[in-house]
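Remarks on the structure that follows.
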Number of protein chains: 2
Amino acid sequence: MTEPKVVRMTAPTLRDVAQLAGVHPATASRALNPQTRPLVNADTARKVLRAAESIGYQPNPIARSLKTARSSTVGLVIPDLTNPLFPPIVRGIEDVLTPAGYNAWIVNTDNDPGREETQVESLRSRQVEGLIVATARREHPLLQRLHQSGVRMVLVNRRVDGLELPSVAADDDAGIAMAVAHLAELGHTRIAHLAGPQQTSTGVARARAFRHAMIDNGLTDDPALTVECGYWSESEGAQALRKLLDSGARFTAVVAGNDLIALGCYDVFAERGLTCPDDISVVGFNEMPFLDKMRPPLTTVAIPHYEIGVESARLLLDTLEDPERHPRSVLLAPSLVVRASTAPPK
Amino acid sequence: MTEPKVVRMTAPTLRDVAQLAGVHPATASRALNPQTRPLVNADTARKVLRAAESIGYQPNPIARSLKTARSSTVGLVIPDLTNPLFPPIVRGIEDVLTPAGYNAWIVNTDNDPGREETQVESLRSRQVEGLIVATARREHPLLQRLHQSGVRMVLVNRRVDGLELPSVAADDDAGIAMAVAHLAELGHTRIAHLAGPQQTSTGVARARAFRHAMIDNGLTDDPALTVECGYWSESEGAQALRKLLDSGARFTAVVAGNDLIALGCYDVFAERGLTCPDDISVVGFNEMPFLDKMRPPLTTVAIPHYEIGVESARLLLDTLEDPERHPRSVLLAPSLVVRASTAPPK
DNA sequence: AGCGGGGCCGCAATCGTTTGCGTTGTGATG
DNA sequence: CATCACAACGCAAACGATTGCGGCCCCGCT
């Protein structure tokens, strides 16, 4: 004989729990919440817990958010999920947010400020408690406004000019220095830089680091050997390299602003019958997946993606629990992964 | 003289709009909603709209969700964002959801059923209106339950045994057939298959298609030449190939269950001093990014990722607006991209 | 003039929680 | 025995929107 069971189409609510436990919903609420549990008698608390358990009660986060104006949710603002840089970062973020009782809401902006604005608006209206932003440009009115209106956020990989915000990134200086030193050791003297967009802090930081590193290695930094890319993309990288080659400049190696830019170079090599590293050495930045299987395997600066995610989530949690805390930024050490795209010049 | 402006820290609500427009909140609500706007006088509607505009009113989705038990949000359940297969699909999904007024909430399951369960639970409690699921296994109690409790969903790339659900995927049969035909034309006769996990519909579909294709091409399908991978991953692909090589089986080509499995083969080639395609040809499936830059560039079956996303979102919207509609499934035509990982056998 | 019928709009309940405040009951104290 | 403190709990008002129902007014008809 199967127990006759009333099927309710709607999920059990706090009322149901209270009724079952023979208490008022308010009491049930207090009993369920560890924070307020001391306010109710231990016995009744047990009763409530048991009742909740028995009917599989799950609090309704929507109702809770409405009342508390909190959501246990943070927003991740990402320029392009298609960029393999981000998934591991996201993973790291989720791995610290989840145990802390938070959920992450991922939005794509496609590098489009308009889209970014509406996406962020939608996040805010859903009461996200903070933002992790990977789309920062040096001039970023939106972020300025958000910061002024008290939105908690942390930046990843980027900074905004004149805005003191917690941020986490790889140590660009160190990374570029390693790349240049590596090439210098191989004997390269004329090294080009395909810089990332100079509207991004990362783009300028790496370009600056490149100049310094050249000097530190006793090489001359020829401005004609630095070309800026409009985006951090393959096609922009290819464009930039074509421009450089067409200019007639002489160079035997290039350090690219990131891996995608470096891979763009591969396309140009194929177009023009150049071979890497025999004709030109190239080193990337970021260590995206599958580089070891490229042709040739790309030498690059590896950064700890997952840890970047982890750290940024931690920073956000910190500022959530103590908004007054002085903004802390963390720099993570990169490392050089030498593969077959770099060799001594001919 | 600057206009004295009252700064309110809290976002404007419907009440504020109503007050400003000199009407009752109910009227304001009706005026704001295009659906119910005909119920109010055109003039007052205009007044309300203007008022809303002037104070920058944005409806609070949380309050709305609480009342309507809807959320204009759908969940995307993805096994692993790190797999480059998914970002373009996500992009396609968002591109149709956004104009339709929906938002997407992405969750990762890491192929872990437990994690999947809690993630889905969290989605449901946030009143998502439907699910797009890319994690389906052939036996999938969770999805069975969800379906029974009336959750609307569509499957992407996968199916569940005995469950009539809308789904969208590439035409695995056609894709595998093209791959095998290509190898056969090159002169291969002993072709191996590194199959995907047989708990996934895709895994078995491709394995079956492989057998059929072998026969159709007048080749013999030797069961000893098919090895199953536990996951759709590089390492599993490598494992499977090692097993095959160690078994002493003779073969000159392999069709891999997907690109990652194929790339796993590359690792084994390096380990054992084999060269591709001279010693062994390999063809992948999915056309993930950057394959053209691999060593060697991987021949693969290209599937229209973006369109898969687009179609799955459309299907979901369809079932949302007419839940009774008979489940429709769409198959998208793949195409073969021949690169340098395939060549005639020596 | 009386009556019916729309068109518009307001009232108030509701969604499921949280929380300030008030009430009750108990034990301890003067 | 009256009083007080305090623990434990209930009451009811929020949070911000949506929506069935009913009231009001005005118009047209007989």
Side-chain angles (χ1 to χ4, degrees), chain A residues 8-49 51-52 55-73 101 122 124-127 129, chain B residues 8-49 51-52 55-73 101 122 124-127 129:
Chain A
R8 50 174 313 139
M9 284 315 291
T10 148
T13 80
L14 189 57
R15 269 201 208 337
D16 301 328
V17 175
Q19 194 168 359
L20 187 58
V23 300
H24 192 271
T27 309
S29 171
R30 283 187 271 254
L32 258 1
N33 186 336
Q35 297 276 322
T36 52
R37 190 165 307 154
L39 294 178
V40 332
N41 183 302
D43 281 343
T44 52
R46 243 192 306 281
K47 247 190 330 189
V48 172
L49 277 269
I55 60 177
Y57 168 74
Q58 294 287 109
N60 181 331
I62 305 224
R64 175 177 297 174
S65 289
L66 180 57
K67 177 63 186 174
T68 61
R70 303 181 359 112
S71 64
S72 296
T73 299
S122 123
R124 290 195 65 189
S125 67
R126 284 192 166 75
Q127 317 269 34
E129 300 181 29
Chain B
R8 51 173 311 138
M9 284 314 293
T10 146
T13 80
L14 188 58
R15 269 192 198 354
D16 301 328
V17 176
Q19 194 169 358
L20 187 59
V23 299
H24 191 272
T27 309
S29 170
R30 282 187 272 253
L32 259 0
N33 185 338
Q35 296 276 323
T36 51
R37 190 166 307 153
L39 294 179
V40 332
N41 184 303
D43 281 344
T44 52
R46 245 192 305 280
K47 249 190 326 189
V48 171
L49 289 221
I55 59 177
Y57 167 74
Q58 294 288 109
N60 180 331
I62 304 223
R64 176 178 294 174
S65 290
L66 181 57
K67 175 63 184 173
T68 62
R70 300 180 6 109
S71 63
S72 297
T73 299
S122 123
R124 290 195 65 190
S125 66
R126 283 191 167 76
Q127 317 268 34
E129 299 182 30

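All of these numbers come straight from a predicted model, not from anything done at the bench. Sequence lines set the chain letters: A, B, ... in the order given, protein chains first and strands last, and positions in each chain run from 1.
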Any donor-acceptor N/O pair, B/Arg37 side chain to B/Ala31 backbone, under 3.5 Å = yes

For B/Gln127 and B/Arg70, indicate whether the former's side chain and the latter's backbone hold a donor-acceptor pair under 3.5 Å.
-> no

Mind listing the closest non-hydrogen atom pair of [X] and [Y] along with its distance?
| X | Y | value |
| --- | --- | --- |
| B/Leu14 | B/Tyr57 | N-CE1, 3.4 Å |
| A/Ala11 | A/Asp16 | O-OD2, 4.3 Å |
| B/Val23 | B/Ala28 | CG2-N, 4.1 Å |

Starting at [atom1] of [X], measure out to [atom2] of [Y] and round the result to the nearest 0.5 Å.
| X | Y | atom1 | atom2 | answer |
| --- | --- | --- | --- | --- |
| A/Thr27 | A/Leu32 | OG1 | CG | 11.0 Å |
| B/Leu66 | A/Lys67 | CG | NZ | 12.5 Å |
| A/Thr44 | A/Lys47 | OG1 | NZ | 6.5 Å |
| B/Glu129 | B/Ser65 | CD | OG | 8.0 Å |

Between atom [atom1] in [X] and atom [atom2] in [N], what is the gap in whole Å?
| X | N | atom1 | atom2 | result |
| --- | --- | --- | --- | --- |
| B/Gln127 | D/dA17 | CD | P | 17 Å |
| A/Leu14 | C/dT19 | CG | P | 12 Å |
| A/Leu32 | C/dT17 | CG | C1' | 11 Å |
| B/Gln35 | D/dA17 | CD | P | 18 Å |
| A/Gln58 | C/dC15 | CD | P | 20 Å |
| A/His24 | C/dC21 | NE2 | P | 17 Å |
| A/Gln19 | D/dG10 | CD | P | 13 Å |
| A/Asn41 | D/dA8 | CG | C1' | 7 Å |

What are the residues of residues 60-72 of chain A, sorted by number, that bring a heavy atom to within less than 4.0 Å of DNA chain C?
-> A/Asn60, A/Ala63, A/Arg64, A/Lys67, A/Thr68

Check: B/Thr73/A/Arg126 side-chain N/O donor and acceptor closer than 3.5 Å = yes

Tell me what B/Thr44 touches on the nucleic acid: a base, only sugar-phosphate, or nothing, going by heavy atoms under 4.0 Å.
-> sugar-phosphate

Do B/Val48 and B/Val40 come close enough that some side-chain heavy atom pair is under 4.5 Å?
-> no

Would you indicate whether the side-chain heavy atoms of B/Ser125 and A/Gln58 approach each other to under 4.5 Å?
-> no

At under 4.0 Å, does any side-chain N or O of B/Thr13 touch on OP1 or OP2 of D/dA17?
-> yes

Taking only N and O in the side chain of A/Ser29, is any of them less than 4.0 Å away from OP1 or OP2 of C/dT17?
-> no

Given that A/Pro59 and B/Leu39 both sit by DNA chain C, which one's nearest nucleotide is further toward the 5' end?
-> B/Leu39

What does the list of N/O pairs under 3.5 Å between the protein and nucleotides 20-26 of chain D look like, with a distance for each?
| residue | atom | partner | partner atom | Å |
| --- | --- | --- | --- | --- |
| D/dG20 | O6 | B/Arg30 | NH1 | 3.4 |

End-to-end axis angle, where each axis spans five pairs of the helix from C/dA1-D/dT30 to C/dG30-D/dC1, to 10° = 70°

